[in-house]
K.L.:
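Structure incoming, see below.
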Amino acid sequence: MEETLSEPLDVPSHVPADRVVDFDIANDPALKHDVFKRLADIRDHAPKVAYTPHNGGHWLVFDREYLQQILMDGETFSSTHLGGMIPLGIDPPEHAPWRHLLLNHFGPAHVRALEPFVRSRAEELIGKLDGAKSCDFLKAVAEPMPVSVFMEIMGLPLSRFDEFRGLAVLALTPPEDGEDMNERMAVHGKIMGVLGELIADRKREPKDDLVSKLLADKIQGREITDQEMMSICYLQFLAGLDTVTNAMTYGIRHLAKNPSLQEEVARDRSLIPAMVERLLRLYTFVNTQRVVMRDVELDGVTIKKGEMVWCMLWAGSNEPGGETEGPRHMAFGGGHHMCLGMHLARLELRVMYETWFEHIGRFSLAPDDRPAMRGGSVMNITRLLLNLEPLKILA
Amino acid sequence: MARITYIEFSGVAHVVDVAAGLSVMEGAVKNNVPGIDAECGGAMACGTCHVYVDREWLEKTGPKSADEDQMIGFAVNIEDNSRLACQIKVTDALDGLVVRTPERQHD
């Protein structure tokens with residue numbers, strides 16, 4: 001009888017054997033049950049700078065200092081694999097003017113002005129749960145809230161909320177195995193269509209929204225082209241929606257599993273900002289990537305030009321013996337590409353928790369029939385079933 | 001090497017020796033001096049390593065770049081002696097430098 005053995009995956013000859021880990025960051029089954037438990041397990045057993053032959057072969061960096069070094073050095077560790085998306089796919093020094101242009105619209109003061117809108121949306125969405133015995137938190141709150149905020153910032157009318165949310169969900173939900181990728185591309189096309197229409201409208205008739213303001217802005221003395229406008233708007237869409245959804249859902253999941261923390265926060269809402277930071281740290285769900293531009297030595301190994309490096313930001317946020325409190329986690333990355341929307345994200349999270357504790361009493365995880373998490377560059381949670389109890393006035 | 005005094009908003013002083021070549025921000029972070037967040041790690045992307053440079057030292061710490069000037073606009077309670085600590089390179093000439101940290105780095 002003949003036996004067919006599958007071929008082992010290829011490991012390049014410059015990668016020392018003790019650096020190799022057999023870990024598929026996209027499809028590892030254990031990630032689907034609990035990405036953070038699995039990452040802790042991998043981190044605890046892997047070298048600080050490891051290599052996996054899966055997904056075409058790439059490096060994995062688990063050490064905070066190396067992560068900072070990589071994120072600070074765009075010349076060696078480039079973001080150009082992102083196809084020039086503005087500003088995330090541009091390296092320094094060309095990156096700085098774009099970053100500064102956008103910072104003028106995403107700084108703390110600009111974000112503060114959005115608080116009444118964010119709060120009214122949170123009220124509306126969470127208020128609907130008054131009296132409910134259960135919910136899927138993701139569908140009820142964490143998904144619609146950032147979609148509304150994106151639409152408000154961009155200047156898309158909320159009358160198109162259902163249509164736009166539908167497109168956003170289709171575009172941003174992680175692909176299922178065997179999914180028709182052409183359909184997904186068509187959805188992205190539709191979103192670009194909506195954004196393109198918006199840009200054209202604001203060109204004709206400016207309003208008080210981000211698109212109008214950017215159209216009036218100059219980049220190094222010149223106007224922003226249509227193509228650049230589309231790139232900026234589309235990146236805002238890709239970067240600002242499912243990230244907030246995930247941060248909210250992982251955070252509420254943590255609270256659902258920790259009744260004593262719920263009680264503490266319910267009694268004293270002033271604990272929320274520090275809790276937001278702690279939850280961002282514990283559930284740092286983005287693994288950002290860089291492409292190496294020249295052979296470089298890291299932790300005593302050579303990483304070759306052209307190879308991909310995955311920055312395991314969760315590991316940077318949660319080093320054994322490292323800080324456990326405060327904002328110096330890596331949930332927003334670091335270096336020159338550090339999340340432009342961090343002030344907005346913090347606002348959305350704070351207001352969501354404040355509103356949640358105004359409406360919801362105790363809550364706990366409801367049994368779910370299948371795992372809801374995903375590996376990949378954004379480690380998504382796709383569902384969070386909760387049992388809810390009505391709000392009791394605490395003594 | 002320069003001996004740098006970081007004074008917290010509460011008035012607590014931390015005196016540390018910082019190697020030349022590091023930044024004033026790195027000197028604080030590596031020595032666990034509180035009051036400086038430095039979330040981005042020194043790329044002028046976050047504005048959370050805001051310090052007030054003791055006025056006697058303003059000349060020696062030098063002028064702000066245009067990029068720093070813009071970024072510091074996002075910090076809380078800025079004054080004319082506000083700097084981003086990541087943009088002040090430590091040299092022997094800064095031995096004795098005194099910087100104060102703000103009440104908070106965030107809103």
Side-chain angles (χ1 to χ4, degrees), chain A residues 64-74 87-88 91-93 95-97 99-113 115 273-274 276-277 280-281 311 313 316-317 322-323 325-344 346-347 350, chain B residues 6 8-10 12 14 18-19 21-51 64-79 82 84-90 101-107:
Chain A
R64 183 180 172 99
E65 241 177 83
Y66 291 141
L67 289 168
Q68 289 281 10
Q69 182 190 333
I70 290 166
L71 296 175
M72 290 287 291
D73 180 4
L88 197 58
D91 294 333
H95 168 258
R99 170 95 187 178
H100 286 150
L101 178 85
L102 287 162
L103 264 174
N104 285 330
H105 305 286
F106 287 92
H110 307 89
V111 162
R112 217 170 10 247
E115 180 159 346
V276 166
E277 301 303 327
L280 284 166
R281 180 188 293 273
C311 297
L313 297 176
S317 281
E323 288 181 345
E325 298 284 332
R328 211 149 46 198
H329 48 68
M330 300 193 79
F332 296 118
H336 44 275
H337 285 299
M338 184 166 194
C339 179
L340 182 71
M342 63 179 166
H343 303 294
L344 178 59
R346 283 176 164 132
L347 171 73
R350 174 174 60 78
Chain B
Y6 300 85
E8 286 183 61
F9 187 75
S10 64
V12 178
H14 304 262
V18 183
L22 292 180
S23 67
V24 171
M25 176 278 281
E26 288 169 312
V29 171
K30 284 183 196 301
N31 291 288
N32 300 313
V33 174
I36 292 180
D37 290 343
E39 291 168 29
C40 77
M44 273 198 288
C46 69
T48 63
C49 63
H50 172 206
V51 293
K64 294 191 277 275
S65 68
D67 283 350
E68 180 185 345
D69 202 41
Q70 194 194 7
M71 196 63 231
I72 209 161
F74 299 109
V76 184
N77 297 337
I78 49 169
E79 302 280 350
S82 289
L84 293 179
C86 71
Q87 298 304 304
I88 308 174
K89 268 268 177 287
V90 174
T101 52
E103 186 176 7
R104 58 186 196 280
Q105 294 287 358
H106 269 284
D107 271 316

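Lettering follows sequence order; numbering is per chain, from 1.
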K.L.:
Quick one: donor-acceptor pairs between chain B and chain A, under 3.5 Å, side chains and backbone, table format.
P.N.:
unit_1    : atom_1 : unit_2    : atom_2 : d
Ile36(B)  : O      : Arg328(A) : NH1    : 2.6
Asp37(B)  : O      : Arg328(A) : NH1    : 3.2
Glu39(B)  : OE1    : Arg346(A) : NH1    : 3.2
Glu39(B)  : OE1    : Arg346(A) : NH2    : 3.2
Cys40(B)  : O      : Gly335(A) : N      : 2.7
Ala45(B)  : O      : Arg99(A)  : NH2    : 2.8
Asp67(B)  : OD1    : His100(A) : ND1    : 3.4
Gln70(B)  : OE1    : His100(A) : ND1    : 3.2
Gln70(B)  : NE2    : His100(A) : O      : 3.4
Gln70(B)  : NE2    : Asn104(A) : OD1    : 3.1
Asp107(B) : OD1    : Arg112(A) : NH1    : 3.0
Asp107(B) : OD2    : Arg112(A) : NH1    : 2.4

K.L.:
On a heavy-atom basis, which atom in Met338(A) and which in Ala45(B) lie closest, and how many Å separate them?
P.N.:
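Smallest interatomic distance, heavy atoms only, reads CB-CB, 4.1 Å.
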
K.L.:
In terms of heavy-atom proximity below 4.5 Å to chain B, should Met342(A) be classed as side chain, backbone, both, or neither?
P.N.:
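Just the side chain, heavy atoms under 4.5 Å.
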
K.L.:
With chain A as the partner, which of Cys40(B), Gly42(B), Ala43(B) has the greatest number of non-hydrogen pairs under 4.5 Å?
P.N.:
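Among Cys40(B), Gly42(B), Ala43(B), the one with the most close pairs to chain A is Cys40(B).
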
K.L.:
Please report the closest heavy-atom contact between Pro108(A) and Phe74(B), naming both atoms and the distance.
P.N.:
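Heavy atoms of Pro108(A) and Phe74(B) come nearest at CG-O, 3.5 Å.
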
K.L.:
If you count heavy-atom pairs within less than 4.5 Å of chain B, which of Gly107(A), Gly334(A), Gly326(A), Pro327(A) leads?
P.N.:
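Most pairs with chain B among the choices: Pro327(A).
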
